[in-house]
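Taking it in order: structure first as structure tokens, then the write-up.
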Number of protein chains: 2
Amino acid sequence: MQPRRATIADVAREAGVAASTASVVFSGKTPVSDATRARVMAAAAALGYTGPDPRAASLRRGRSGIVGVVFEEQLGAAFLDPVKTLMMDGLTAAVAPLGAGLLLLHDHAVLPEPAPGGSDAEFTHPSLTTAPIDAAVLIGCSPRLRESLDVLSARGIPVVVIEADAGDGVPQILLDNREAQRAAAEHVRDLGHARVVAVTLPLSAKASPGWHAPGAAITVDVTRDRLAGVRDVFPDAAAYAAGGSSIDEGLAAGRVLFADPAARPTAVLAQSDLLAAGVIRAAEEAGLRVADDVSVTGFDGVRVDGLAPYELTTLVQDAAAKGRAAGEAIAAMLDAKPPASIRLTCTFRRGNTTGPVPESGETAASRPVE
Amino acid sequence: MQPRRATIADVAREAGVAASTASVVFSGKTPVSDATRARVMAAAAALGYTGPDPRAASLRRGRSGIVGVVFEEQLGAAFLDPVKTLMMDGLTAAVAPLGAGLLLLHDHAVLPEPAPGGSDAEFTHPSLTTAPIDAAVLIGCSPRLRESLDVLSARGIPVVVIEADAGDGVPQILLDNREAQRAAAEHVRDLGHARVVAVTLPLSAKASPGWHAPGAAITVDVTRDRLAGVRDVFPDAAAYAAGGSSIDEGLAAGRVLFADPAARPTAVLAQSDLLAAGVIRAAEEAGLRVADDVSVTGFDGVRVDGLAPYELTTLVQDAAAKGRAAGEAIAAMLDAKPPASIRLTCTFRRGNTTGPVPESGETAASRPVE
DNA sequence: TTGTAGGCGTTATCAC
DNA sequence: GTGATAACGCCTACAA
């Protein structure tokens, strides 16, 4: 085993057949007689040959069987979001039939100075520029999205973008964020609510939490679109941007919202289930009864660990389907077929976290304690 | 751009140099005169050449720059665990200097019948058998661990195992689970507790939740070792196996533990922070005050989203360091150096979820309500 | 059904 | 500092 790994040529020689025949035995592309196959397999076993070297095969075929998934953030940050995780599952499933695996890639690996001859160790990092990928999936709405796209298209690598607008002819996987969020807004309006506040995802990659300034730019598509859905129904609704999508960020936002009993909203429309869970916790902290004193809606329809016994009123999206759709678009492109952009839709699901607007003066918080 | 991608030979011709020279310009392995470099770069730009084809390069070099990470479960299941996520971050960082990226691989992709000539579409899946990887990291303790190891070692691919015993000469990244858990047990013992119950991770891949049967086999190393730490101090402590590591599983376990006020423990040692968080929630549900009526410890030292204001008494492990250690072991092996197994240690951290054993009859639950 | 030939795009080696 | 040469290991026409 030490000397040198056996190659298919060795196996063929050992089996007394031509290399191409041995190759065909392994690829199965052409019928082979049982006797020949057996001889080849035996020879392979004898030599410890475990199959074609994927590196050589991919050079020859022009395909590596690897799809890159480009993240903006630390993987840790990305995968803590159940929606992205589900999406990865869907993507995994969708590329499996292609015989492809997923390679994790980072945005920031695109070096500012990719020119050769610079400092030695710097440009050896794997990246969009050098990864042996057949296609790539770009997720979300990084400020570097454009840059990544350019690098990949210069390499001639097909790309799919999930939940962001990439312009040109790049296929996208989109969600009906605005319409869906509007449905939730209509729901709380129909329940009689008027004092409504939106708790949003971040406005941009580096924005800090806080009330939206009037007219502030929102560079994150998802944030913008969902907020537009709220404003379709409540044009003047205030919006508070969370620092990310997590329970703790939602809790922080909720504390601000409920700080002043006189000015607090009767309904909170959060842009993710995790944020909604945090808002609910803040409501409990403030002595408010969810659904009775304050209604809360989420977005995503994921199972929030630890939220029981509440069941969120939310917009259910099929995150795995997003991944699958991306995988299918990739399959199409690798097949030189025109890839289709896809727009998935959310389903409104009423849970037990929304209820009729309380008559004023009737909330738990406004009643004298005990 | 349609006709054919330019190759380094095209660039060399255009620049009027030898292919090997052009290659060197891109790899930087050998000094090149500025003039030559400039000519080559110009030619490359003119032809739209974006750098060496990684497939060809990896064939030539015998390295793909890809490290496989083998999961047993759906990625979704794996990445929802913050510990694994952190570990991935550490691993990512550690392999970056190698110029390597991470390829996600599944256990179950090892086909029962890898023989060629079978049904066509079946054996095209990417897997341990065909992925173009330079090394692999196996995580946790799958029943298929052995099988995966065999496949990889037959291919001559170096392997590192995290938190499992792989026997032979496979380098491992281990944690002092037993000693660490023992420290927590000693802590609660010193606080006077005697009625102690362990809430453990699953006993095996397919075990269902419930009280440990006496003498039942524990195939998951982590579960076994941490429980041993508890038993070092409380030889007779009962143990309840959760169905996984999540808040909801901890909640379910906690409900069982606290169901009978007369028989409930005064301290619960959970094998993960998520489980501990669930137990805490169950305690609240049961009207128990955490730390006062019941002490709860966790394991991992991760930030549990939504657990505030509690700060768990727990064993802090550096999950990212596990990933880093694995990456370093890989680096060593790829360098033909002897890889070192590493044993990382946890640090005990006291939070506000443990307190002295309550005097009997003094708990909130036993007081009349009102 | 099996064998032959040629090249996929690169880079290590060594001579110049 | 640059160039010629020879693999790296495999696969796919095509011919037999």
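Just so we're on the same page: letters track the sequence lines, and every chain starts at 1. Not measured: the values here are computed from a predicted model. The figures here come from the full heavy-atom set of this structure, side chains too, leaving out hydrogens, waters and symmetry mates.
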Problem set entry | DNA chain C: 5'-proximal contact among B:P52 and B:T30 (nearest heavy atom) | B:P52
Exercise. Under 4.0 Å: is that the gap between some side-chain N or O of B:T36 and OP1 or OP2 of D:dT2?
Worked result: yes
Exercise. What integer distance in Å separates A:R61:CZ from C:dG7:P?
Worked result: 21 Å
Exercise. Looking at C:dT4, does its base get a donor-acceptor pair with the side chain of A:S20 below 3.5 Å?
Worked result: yes
For this session: Answer whether the closest heavy-atom distance between the side chains of A:L128 and A:E147 falls below 4.5 Å.
Result: no
Exercise. C:dT2 phosphate, OP1 or OP2: any side-chain N/O from A:S33 under 4.0 angstrom?
Worked result: yes
Exercise. Counting side-chain heavy atoms from CB outward, which of D:dC11, D:dG9, C:dG9 is closest to A:S23?
Worked result: D:dC11
Problem set entry | Nearest-nucleotide 5' precedence on DNA chain D, A:T7 against B:A19 | B:A19
For this session: Compare all side-chain heavy atoms of A:L152 with those of A:L138 and state whether any distance is below 4.5 angstrom.
Result: yes
Problem set entry | Length of the CZ-C1' vector between B:R13 and D:dG3, whole Å | 15 Å
Problem set entry | Side chain to side chain, A:I173 and A:L344, heavy atoms closer than 4.5 Å | yes
Problem set entry | Of the listed nucleotides C:dT11, D:dC11, C:dG3, the one nearest the side chain of A:T21 | C:dG3
Exercise. Do B:R60 and C:dT10 have a side chain to base donor-acceptor pair shorter than 3.5 Å?
Worked result: no
Exercise. Atom CG of A:L59 to atom P of D:dT12: distance rounded to whole Å?
Worked result: 12 Å
For this session: Whole angstrom is fine here: how far is it from CZ in A:R55 over to C1' in D:dC11?
Result: 17 Å
Exercise. Checking all strands, does A:I8 fall into the base, sugar-phosphate, or nothing category for heavy-atom contacts under 4.0 angstrom?
Worked result: sugar-phosphate
Seminar exercise, completed: Winner on side-chain proximity to B:D53, out of C:dT10, D:dC10, C:dG3, is C:dT10
For this session: Taking the side chain as every heavy atom from C-beta outward, state whether A:R324 and A:D318 have any atom pair closer than 4.5 Å.
Result: yes
Exercise. Rounded to the nearest Å, what distance is computed from the CZ atom of residue A:R63 to the P atom of nucleotide D:dT12?
Worked result: 12 Å
For this session: When you get a sec, tell me which of C:dG9, D:dA4, D:dT2 is the closest nucleotide to the side chain of B:A18?
Result: D:dA4
For this session: Would you kindly give the CZ-to-P distance between B:R39 and D:dG1, to the nearest whole Å?
Result: 15 Å
Exercise. Of the candidate nucleotides C:dG3, C:dA12, D:dG3, which contains the atom at the shortest distance from the side chain of B:K29?
Worked result: C:dA12
For this session: Tell me, with the steps shown, if A:R60 and A:D53 meet salt bridge (Lys or Arg N to Asp or Glu O under 4.0 Å).
Result: CA-CA 11 Å; A:R60 181 63 239 241; A:D53 180 337; over 6 Å; no
Problem set entry | Nucleotide D:dG9, atom P - distance to CZ of A:F26 in whole Å | 15 Å
